[in-house]
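Following: one structure in structure tokens, then a few remarks.
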Amino acid sequence: GREPTVREAVEALATQVRTGFDGPPQVEAHVRAILGRIQLALGHAAEAREHLALALALWERELGAEHPDTLRALNDCARAAAMAGDLQAAEGLLRRSAEACTRVLGPDHLRTFTARNNLAQVLVELRRDAEAEPLLREILASQRRLHGERHPFALVPAHNLGALLVNSNQVDAAFEA
């Protein structure tokens with residue numbers, strides 16, 4: 001017979017998980033998180049949100065609100081909300097994620113960088129450049145201090161800040177960023 005497509009395999013697993021997962025809650029959280037991330041990669045925001053929200057709820061219940069797995073799930077939920085066009089929900093989740101990551105993991109941790117950078121991007125999408133710009137400048141300075149100017153972790157916020165400045169007709173400032 002024919003091999004199932006990735007989409008068909010993911011849908012079969014999703015159906016199986018929806019109809020009742022027979023395993024420990026932490027395993028279910030992992031499975032739902034993986035399903036949600038796959039759905040994100042496939043561009044299926046609604047399906048991703050369903051699984052990621054349930055994974056987040058399980059992580060919070062089982063491990064607490066500030067466990068690294070919970071913090072990752074929080075950021076994943078925000079990505080799914082943003083992909084679905086729910087930028088206000090994404091902003092709220094990312095603010096929560098950035099604050100918790102900074103407090104728990106420290107300001108220099110990769111997950112903190114990711115949450116803060118994603119928050120800045122959502123603020124840009126919400127056309128709140130006045131809030132996004134200082135955040136991007138902070139992120140850029142931090143990443144340059146930690147990794148140097150040419151490291152990808154410094155280039156990402158440099159690009160994002162440059163794009164924001166160019167779109168705000170601050171071309172000269174973009175070249176200086």
Side-chain angles (χ1 to χ4, degrees), residues 17 21 23-41 45-126 128-161 163-164 177:
V17 170
F21 189 86
Q26 289 185 30
V27 173
E28 180 179 356
H30 275 294
V31 170
R32 286 190 178 275
I34 291 167
L35 271 171
R37 287 185 208 116
I38 291 170
Q39 294 286 18
L40 273 177
E47 295 90 341
R49 284 182 92 173
E50 172 193 350
H51 291 293
L52 293 170
L54 289 168
L56 175 60
L58 287 165
W59 287 133
E60 286 178 325
R61 188 183 78 215
E62 296 296 314
L63 302 175
E66 295 189 340
H67 187 277
D69 288 335
T70 305
L71 297 177
R72 180 174 183 187
L74 193 55
N75 195 58
D76 288 342
C77 283
R79 286 179 44 228
M83 182 183 281
D86 190 353
L87 298 177
Q88 283 74 27
E91 178 190 4
L93 290 165
L94 287 166
R95 284 192 187 280
R96 195 172 133 206
S97 177
E99 290 166 9
C101 286
T102 301
R103 187 175 52 258
V104 175
L105 304 172
D108 297 336
H109 193 279
L110 177 59
R111 192 150 297 144
T112 304
F113 161 71
T114 301
R116 294 180 79 221
N117 190 65
N118 289 348
L119 173 59
Q121 290 309 109
V122 166
L123 291 171
V124 168
E125 289 184 51
L126 287 167
R128 291 176 25 210
D129 294 356
E131 289 178 72
E133 183 180 341
L135 180 56
L136 283 169
R137 287 187 184 281
E138 288 174 24
I139 294 165
L140 178 57
S142 170
Q143 294 307 305
R144 283 180 171 167
R145 177 181 50 79
L146 290 169
H147 304 289
E149 292 205 15
R150 297 207 182 276
H151 191 280
F153 292 163
L155 295 175
V156 169
H159 171 268
N160 293 341
L161 178 60
L164 179 146

Minimum-distance pair of heavy atoms, taken over all atoms of Leu94 and Ala78: CG-CB, 3.4 Å
Test side-chain contact (heavy atoms from CB on, under 4.5 Å) applied to Leu136 and Asn117, step by step: CA-CA 7 Å; Leu136 283 169; Asn117 190 65; 3.8 Å; yes
Salt bridge (Lys or Arg N to Asp or Glu O under 4.0 Å) partners for Arg111, two or more places apart: none
Smallest separation among heavy atoms of Thr70 and Ala65, with atom names: CG2-O, 3.6 Å
Candidate list Gln26, Arg32, His30, test side chain to side chain contact (heavy atoms under 4.5 Å, CB included), partner Glu28, passing option: Arg32
CD-CZ distance between Glu133 and Arg137, expressed to the nearest 0.5 angstrom: 4.5 Å
From CA spacing to verdict: side-chain contact (heavy atoms from CB on, under 4.5 Å), Leu105, Leu71: CA-CA 10 Å; Leu105 304 172; Leu71 297 177; 4.1 Å; yes
Arg150 atom CZ, neighbour heavy-atom count above 12 within 6.0 Å: no
Residue pairs involving residues 52-70 (criterion salt bridge (Lys or Arg N to Asp or Glu O under 4.0 Å); sequence neighbours excluded): Glu60-Arg96, Glu66-Arg103
Residue list, ring-ring contact (aromatic ring centres under 6.0 Å, His included) with His147, at least two apart or on another chain: His151, Phe153
Shortest non-hydrogen contact from Ala53 toward Cys77: N-SG, 3.7 Å
Criterion side chain to side chain contact (heavy atoms under 4.5 Å, CB included) against Ser97, the qualifying member of Asn75, Thr102, Asn118: Asn75
Smallest separation among heavy atoms of Leu40 and Met83, with atom names: O-CE, 3.3 Å
Result of checking Arg37, His51, Arg49 against Asp76 for side-chain hydrogen bond (donor to acceptor under 3.5 Å, both in side chains): Arg37
Minimal non-hydrogen separation, Ala132 against Leu123, with atom names: CB-CB, 3.8 Å
From CG (Leu87) to CG (Leu126), nearest 0.5 Å: 4.5 Å
Under 3.5 Å: donor-acceptor pair, side chain of Thr112, backbone of Pro107: no
NZ/NE/NH1/NH2 to OD/OE distance under 4.0 Å, Arg95 and Glu99: no
Heavy-atom pair of closest approach, residues Val122 and Ala90: CG2-CB, 4.1 Å
Verdict with reasoning, Phe113 to Gln143, per side-chain contact (heavy atoms from CB on, under 4.5 Å): CA-CA 8 Å; Phe113 161 71; Gln143 294 307 305; 3.6 Å; yes
Spatial distance of atom CZ (Arg144) from atom CG (Leu146) [nearest 0.5 Å]: 13.0 Å
Reported CZ-to-CG distance for the pair Arg145 and Leu140, which is rounded to 0.5 angstrom: 12.0 Å
